[in-house]
Structures are given as C-alpha cells and as structure tokens.
Amino acid sequence: MASSSSELGFVFLLLFLSLLVASKPQQDSNFLFEGFNNSENHLNLEGATVVKPSGSLKLTNRSYNIVGHAFYYKPFQMLVNTTNTTKILKVSSFSTSFVFSIVPSSSGPEGFGLAFVIAPSTQFPWSSPGHLLGLVNSSNDGSPSNHLFVVEFDTVNGYRSQADSKGNHVGVNINGMNSTVNEPAAFFIEGTEAQKEEFSMEESDAVQAWIDYDGEKKIVNVTIAPISLPTKPSKPLISHPIDLHEVLKESMFVGFSASTGESKASSHYILGWSFSLNGPSAELNSSRLPEPPTKENDPSSTSFPWIKLAVAVLSALILLLIFSLCSLTLYRRYNNFENLEDWELDCPHRFRYRDLHVATKGFKESELIGIGGFGVVYKGVLASTGTEVAVKRIVRGSIQGMREFAAEIESLGRLRHKNLVNLQGWCKRKNDLLLVYDYISNGSLDSLLVNPSVVLSWDQRFNIIKGIANGLLYLHEEWEQVVIHRDIKTGNILIDEDLNARVGDFGLARLYDHGQVSHTTNVVGTIGYIAPELTRTGKASTSSDVYAYGVLLLEVVSERRPIDESGQFVLLDWVVENQSLGQIHDVVDPKLNLNYDEEEVELVLKLGLLCAQHRADLRPTMRQVIRYLNFDDPIPVTGAESSRMSSGFLEVVSASTISASYNLSSINSMSSRLVEAGRQPCTC
Ligand SMILES: *[C@@H]1O[C@H](CO)[C@@H](O)[C@H](O)[C@H]1NC(C)=O
Ligand SMILES: *[C@@H]1O[C@H](CO)[C@@H](O)[C@H](O)[C@H]1NC(C)=O
Ligand SMILES: *[C@@H]1O[C@H](CO)[C@@H](O)[C@H](O)[C@H]1NC(C)=O
Ligand SMILES: *[C@@H]1O[C@H](CO)[C@@H](O)[C@H](O)[C@H]1NC(C)=O
Ligand SMILES: *[C@@H]1O[C@H](CO)[C@@H](O)[C@H](O)[C@H]1NC(C)=O
Ligand SMILES: *[C@@H]1O[C@H](CO)[C@@H](O)[C@H](O)[C@H]1NC(C)=O
Ligand SMILES: *[C@@H]1O[C@H](CO)[C@@H](O)[C@H](O)[C@H]1NC(C)=O
Ligand SMILES: *[C@@H]1O[C@H](CO)[C@@H](O)[C@H](O)[C@H]1NC(C)=O
C-alpha cells in the first residue's frame, strides 16, 4: 500500500516536471535586442555573421559572394489548433521591428540586400548568394516545400532578368525571391492620402522596419522609415492580404539573411530587433542602440581592381570637366545658378536654395525632425548667422500660381508674435517649395502630451492654452489683415524651451488651395477639429478656428485624441456626456494625479464646449476667450446647446470622411480667404 502510493507520488512528480518542461518554451513569445552584446546564447549565427564590438550584428562584410544568417535560437509556434478535437490550424499573428544599416562599397557597386525570414530551419545548406539572398538556389526557388516567408530589402534590381541595375525596394516573398508585392523604399507622410516620401536605404544612416501580420485578417503590413524619423509612420508602405496557412509550419524560426554577389557587395548590419507573437513587438529606443556604422571608407572594404579604379577616376575627371564647362556657359548666360524669374529677385524673405541645402546638410535624412500634413521638416543651421531653423519641404506639390503664392508668403513673413512660429522666409525650386521657420526645441504639443516620459503640469498646460489664444487673437484681430489659420490642432502647436506655445503652420491650407493639389483632406482641416459648417459650406472663418481651438482645449485637459482610430470614441461627446452626468472632473488626464486647480480646469473644459458649439454664431471670439481665461468675465452656461452639439459633431465626422473625395473644383471654389481683408499686392 505504502509503496504504491509513493509510486503514485513519483508519477505525479514526473507529470508535473514534464508539464513544466513542456510549457516553458511557450513562456517567451517575445524578445528584444537593443544591440547584440552578449546575445550569442540567444542567436544562431551562420556564415559571415559576427557581433561587432560596438554591439551591432554584422551579417556580411564587403567580400564578394558571401552569405550571413542570424536566427533566434528557439522556434515559435506559428500554427495553433483552433480546437482540441478537430485539426483546424490557425496562423499566429506576429509583429517585429528592427533597425538595419547598409554600408555600400566605396569602390564598387553595392549589393545585394538583406531579408527578414521565417523559416522551418536555421540552415540553408544549398542556398546561393547574390540575388537569392542566401535562402534558396536557382532550382528550388519558389518551391512550396521551402516554407519561407521573406521580407526583402534589396539594393539590386533584376531578379531573373538581364537588368542588374541599382534597386531600392521592399518586397514580400513566399518560398523564394519572386515578390508577391513590392514597393520602392518610401514612407507615407502623416495624414495625407498619397504623399509618399521616397528615400534611399543605403544612404540613410540606418533604417527602421516594422512587419506586422494579422493572423485573423491575413494581412501583412510593412513599414520603413529612416531612423531619424521620430515616430513610426501611421500608414504602412505595404499592406497586403496574404494567407500564410500553407506557407508556415507549426514550428518556425525567425531571423535575417543577407548576401553579397559576384561583383557587388555591401556590409549589412542589424542594430536592434524586437519580435512578438500575438501582440505588438516592443518599441526600439534608438538612443539605446549601437551607433550606426560610418558610411565612408569602411576599412574592411575589398580592394577594387586598380585598372577599374583608374578608369573610374579618369571618366569622373572627364565628366567633371564637361560639367564645369556646361555650368560655366549656363552661368554666363543667366549669370545666376538658380535661374530666377524677375519678380523673385527682390523678395526680402526669399532664401537661396544653396544656403538651405547647406544648412540642412543637403536635406540629409539625419536632419529630418518630423513629417507633417504638408511635407517633411528638416532641422538646419544657417551658415551666415548660425541660427537654427526648421525647413519645411512641401513635396511634389505641383504648385501653380507661384507668383501669387510668393506674395502671400511675403505677407505672412511679416507676421511677428511671441506665440507664433515665425515664418522667416521661403524658397522655391522646381516643384518643391521650402518654407523656413524658427526652430522650436520641444516639438509639437501632441507629441509632448503622449510622451510617457514627460508630464506637463496643469500650470504648464494652462500657460500653453493661454499662449495659443494670444497667438490666435493676433492672427484674427491684431494684425493688419485677418488671418485664418484653418488647421488648428495639437500637432500644429509647437512648444519652445520655456514651455510657451507657438502656433505653427498658419496659412498652409490656403497655400494648398492655390496649388490645386487634390487628394488631401488637409485642405479643409483635420478630422475631429473641423467645424460643422465647414463641411457644408467649405467656408473657413475665424469661428471655425475657434471651434478647433475648443476641441484642442478638451484634448489638452484630457490627453485624449479628438477621435480615436476606430472612430468609436469622440472626445467632444464624451466630455458632454460626463458634464451632463455632473462628473466633469472624470475627463481630466489621470497623469495629472489630481494636481490641478479645479476652478481653472472647469473653466477650460466649459470654454472648450462653448467654443466647440454647433452654431458658429454662438461661439466666442478669441478676444472674448482671453477674457474668460483671465477670469475677467464669467463663462455663460451652455447646457441647452450640448445635446444638439453632440449630434452635430457626429454629422461632421461622417461628412468629413466624404470630404476626402472632394474634387478639385470644389476645393478651389472654397471662398475662404487666408488673408481676407484689405489684401494688397505684395510690393516684391
Ligand atoms: C568577410 O567575411 C568572410 C566570411 O566570414 C571572411 O572570410 C573574410 O575574411 C571577411 N573579409 C574581411 C575583409 O574582413
Ligand atoms: C557593447 O559592448 C562594447 C564593449 O564591449 C561597448 O563599447 C558598447 O557600447 C556595447 N554596446 C551596447 C549597445 O551596449
Ligand atoms: C493539433 O491537434 C493534433 C491532433 O488533434 C495534434 O496532433 C497536433 O500536434 C496539434 N497541434 C498543435 C499545434 O497543437
Ligand atoms: C482543450 O484542452 C484543454 C486541456 O486539455 C482544456 O483546458 C480546454 O478547455 C480544451 N479546449 C477546448 C476548446 O475543448
Ligand atoms: C538546391 O537545393 C536543394 C535542397 O533544398 C538541393 O536538393 C538541390 O540539389 C540544390 N540545387 C542546386 C543546383 O544546388
Ligand atoms: C512571380 O509571381 C507572379 C505572381 O505572384 C507570377 O505571375 C509569376 O509567374 C512569378 N514569376 C516567377 C518567375 O516565378
Ligand atoms: C495594417 O495596416 C492597415 C492600414 O493602415 C491597418 O488598418 C491595420 O490595422 C494594420 N494591421 C496591422 C496588423 O498592423
Ligand atoms: C530611451 O533610452 C534613453 C536612455 O536609456 C532614456 O533616457 C529614454 O527615456 C528612453 N526613451 C523612451 C521613449 O523610452
């Protein structure tokens, strides 16, 4: 009896232990490498791959015909049973993010690229380098028995074709090198439909990539951006339906592969990597990653045959000679490199393209500080004065009526106020328009509000709210002409080093009217901030600015976006609802930890609702808003309005979705004027 019970105990112990062992691999369904120091135990490295002393993972050097692999040491369960009894398998969702850097050869052509790979094994014994990226060979390329999911970042074109030109593509491949979908390397600019900024993966210091697969919806998203970009672009470069059910096996390894070719070679590095099964992968913090490798003169570069070098140098010299002869003639003919039109010559706010080019180090990706609705923003230092500026490049707007534009920018350039981001000047070059602004150190208000490491105190927020009001009052009433902002939102408010608000981007919406640029909803504002009458009449006014300011007030107090991504949550409705329940303090940002002046918070919330009223004629003017903020006047009760306001807002939401398809003529016929009254032609 005694012996059999101890046997039973032993069996249970064994069962328990085996359960422990069995469940262990499932515990880590995610990982994060910020640099690869001491990571050898968690990675399988093959081929040319090494961990550099700096902490970066180097997949290939610039020798010809080599391959490097790096895989996480444990497989992941990519297929799971939906039920215990039937054998219906479901593909797991996964998410990964990594930073890579490609250092092209300084002497010869570069190649071939690297790939993120999900594979049944970490070894590819028969694979070939070059185009095949060390994953397959020419006879098994594309074979369903490969079970490969590949996202390639290639720098050479010409898969299975004669073309062997420079490439700069991102592609999603199944079982081989034929891409199901591929796109030139680019990222989308925030908030717009079709503004895509292309960039070179090789020339960027480093590139961050995000790959997200939704196992339920069977959609893969691939997003890339230069590492200097502060946030992940919200729209992916590739979003493509793909069913991995037949491709993946139950147990799969994740990792990278890179290769060089017969006569083309680059070094391929990974600086950081996170991965997660069935959940978002951890954000990589770029300040914790190893420094990107320097691009020039990598000492490990392979020596290029002397004869070719000599030819290259000689032809470069000849080209240089021809070029300088040509430009000399051109210079003589126009006496000016920039080939300006007459009227451009004496505009006081016009910058020389060359100066801006130098200031931003040639619009280098490392100087990128943001993407906005209208273009990308670079930080620059003007060589002549040493002042820091922000240069906004409005991309590929086929802007017409340039002269009229210039007149308007010239007049905007004369606006000066401590709560405005002053426009210092402008420059045009072909289809690009460059606007030069003060550089404001702390970035935009929306990024500060959502940044977990910064909490703006109530006093700071109240000060910011007042600052915006002063800036808007200046635009609306205090300057010689009425200026309507037309796109007030937290993303357009910049915060300077003393935490004062500076209103930015005024007038840009108007510029776009001229520009006949279709397919952008930003012409009428940003969803969530658009006053109801605007969607009906298309006529912006100072009171539609006041409406947007009202929504912004609610946002600053609650730290919630006006509308969430799903469109389910509408901030204005939520505040109205809480107000009617008598629990208005429930909407206050919990990060404030109850450290705020109740009277001021209540004032701001009520003022927000007053400004964001449905009826434009009932909204206060900015001058009146400032009186309320200073407690000079008591704030009127808005109770009766609230229910109507709420339904009116919903109407706006649906209407503004439609406005995405506004056609050109309706945008251009919008009668609103940025500079409404007394506009005189610019004297420039
Ligand atoms: C490049 O890597 C290959 C493979 O690991 C190695 O044999 C070769 O020596 C390396 N070349 C240089 C220049 O470091
Ligand atoms: C990795 O270790 C080296 C020293 O061995 C150090 O210089 C480097 O900063 C480390 N990298 C990271 C990312 O921690
Ligand atoms: C799914 O269920 C079948 C039998 O019911 C089993 O053989 C298989 O191992 C299971 N797979 C997974 C991933 O649990
Ligand atoms: C599958 O089996 C596990 C343990 O055997 C059980 O806890 C779970 O409820 C079962 N699920 C279904 C859908 O039958
Ligand atoms: C290609 O790889 C397969 C194994 O995946 C191997 O059987 C075959 O021999 C290889 N072909 C060549 C031409 O190397
Ligand atoms: C590549 O894939 C496309 C469609 O995905 C197919 O039409 C084409 O034939 C494939 N090419 C090769 C060489 O496999
Ligand atoms: C993929 O991108 C689409 C479009 O932006 C988005 O709706 C979807 O949620 C994304 N899916 C994943 C898994 O990130
Ligand atoms: C990134 O890392 C740096 C240094 O460790 C840290 O100061 C900073 O707060 C981190 N940023 C985020 C957003 O986590």
Side-chain angles (χ1 to χ4, degrees), residues 45-53 57-70 91-97 103 105-108 119-130 132-148 151 172 175-177 181 183 187-194 196 209-224 232-242 244 257-261 265-269 275-281 283 293 297-304 564-568:
L45 307 183
E46 301 249 326
T49 309
V50 287
V51 174
K52 299 295 281 183
L57 185 68
K58 187 172 187 179
L59 293 167
T60 72
N61 59 28
R62 291 183 288 186
S63 298
Y64 295 134
N65 270 329
I66 56 169
V67 166
H69 293 135
V91 181
S92 307
S93 295
F94 59 85
S95 158
T96 186
S97 165
V103 183
S105 164
S106 47
S107 45
S121 147
T122 61
Q123 299 192 326
F124 305 85
W126 304 101
S127 67
S128 311
L132 301 169
L133 295 181
L135 292 169
V136 291
N137 62 37
S138 54
S139 57
N140 71 359
D141 183 12
S143 154
S145 62
N146 290 342
H147 294 283
L148 289 175
V151 179
V172 178
N175 292 329
M177 291 303 122
V181 49
E183 287 286 339
F187 58 90
F188 281 98
I189 291 167
E190 211 70 31
T192 51
E193 273 298 310
K196 211 184 199 185
W210 295 263
I211 300 168
D212 299 289
Y213 184 72
D214 186 332
E216 296 286 341
K217 297 197 182 113
K218 303 185 172 57
I219 290 179
V220 66
N221 285 355
V222 183
T223 312
I224 58 169
K232 175 180 178 181
S234 55
K235 181 175 163 144
L237 173 64
I238 291 175
S239 185
H240 192 75
I242 201 160
L244 296 181
S257 179
S259 71
T260 63
S266 305
S267 298
H268 299 92
Y269 294 85
F275 179 89
S276 171
L277 205 62
N278 298 317
S281 57
E283 280 290 327
N297 306 321
D298 186 332
S300 70
S301 82
T302 47
S303 62
F304 202 69
D564 71 0
E565 280 176 11
S566 62
Q568 303 283 310

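Keep in mind the model is a prediction, meaning the values are calculated, not measured. We number each residue from 1, following the sequence as shown. Numbering of ligands and ligand atoms starts at 1, following listing order.
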Output the list of atoms in ligand 7 that are nearer than 4.0 Å to some heavy atom of Ser239, sorted by atom number.
1 (C), 2 (O), 3 (C)
By number and element, which atoms of ligand 7 are closer than 4.0 Å to a non-hydrogen atom of Pro236?
2 (O), 5 (O)
Among Thr49, Asn61, Leu59, which one satisfies side-chain contact (heavy atoms from CB on, under 4.5 Å) with Ile66?
Asn61
For ligand 7, which atoms sit closer than 4.0 Å to a heavy atom of Asp212?
13 (C), 14 (O)
Let me confirm one number: the CG-OG1 distance from Leu277 to Thr96, rounded to the nearest 0.5 Å.
11.0 Å
List for me each residue that meets salt bridge (charged side-chain N to carboxylate O under 4.0 Å, His left out) alongside Glu46, sequence neighbours excluded, and say none if there are none.
none
Is the shortest N/O to N/O distance between Asp214 and ligand 7 below 3.5 Å?
no
At a non-hydrogen distance cut-off of under 4.0 Å, which region of Ser63 contacts ligand 1 (side chain, backbone, both, or neither)?
side chain
Tell me whether Tyr269 contacts the main-chain N or O of Val103 through its side chain, where contact means a donor paired with an acceptor under 3.5 Å.
no
Check: Leu132 main-chain N/O paired with Asp141 side-chain donor or acceptor under 3.5 Å
no
Return the set of residues passing side-chain hydrogen bond (donor to acceptor under 3.5 Å, both in side chains) with Asn137 (not counting sequence neighbours), or none when no residue passes.
Ser139
Relative to the ring of His69, is the ring of Phe124 parallel (under 30°), tilted (30 to 60°) or perpendicular (over 60°)?
tilted
Check each atom of ligand 1 against the heavy atoms of Ala48 and keep those under 4.0 Å away; list them by number with element.
4 (C), 5 (O)
Those residues at least two apart in sequence (or on a different chain) that pass side-chain hydrogen bond (donor to acceptor under 3.5 Å, both in side chains) with Ser97 are Gln208
Report every pair formed by an N or O atom of ligand 5 and a protein N or O atom separated by less than 3.5 Å, giving atom names and the distance to 0.1 Å.
from	atom 1	to	atom 2	distance (Å)
ligand 5	2 (O)	Asn137	ND2	2.3
ligand 5	2 (O)	Asn140	ND2	3.3
ligand 5	5 (O)	Asn140	ND2	2.9
ligand 5	11 (N)	Asn137	ND2	2.9
ligand 5	11 (N)	Ser139	OG	3.0
ligand 5	14 (O)	Asn137	ND2	3.3

Start with the C-alpha gap between Lys232 and Thr223, add the side-chain angles, then the distance that decides, and say whether side-chain contact (heavy atoms from CB on, under 4.5 Å) holds.
CA-CA 8 Å; Lys232 175 180 178 181; Thr223 312; 4.0 Å; yes
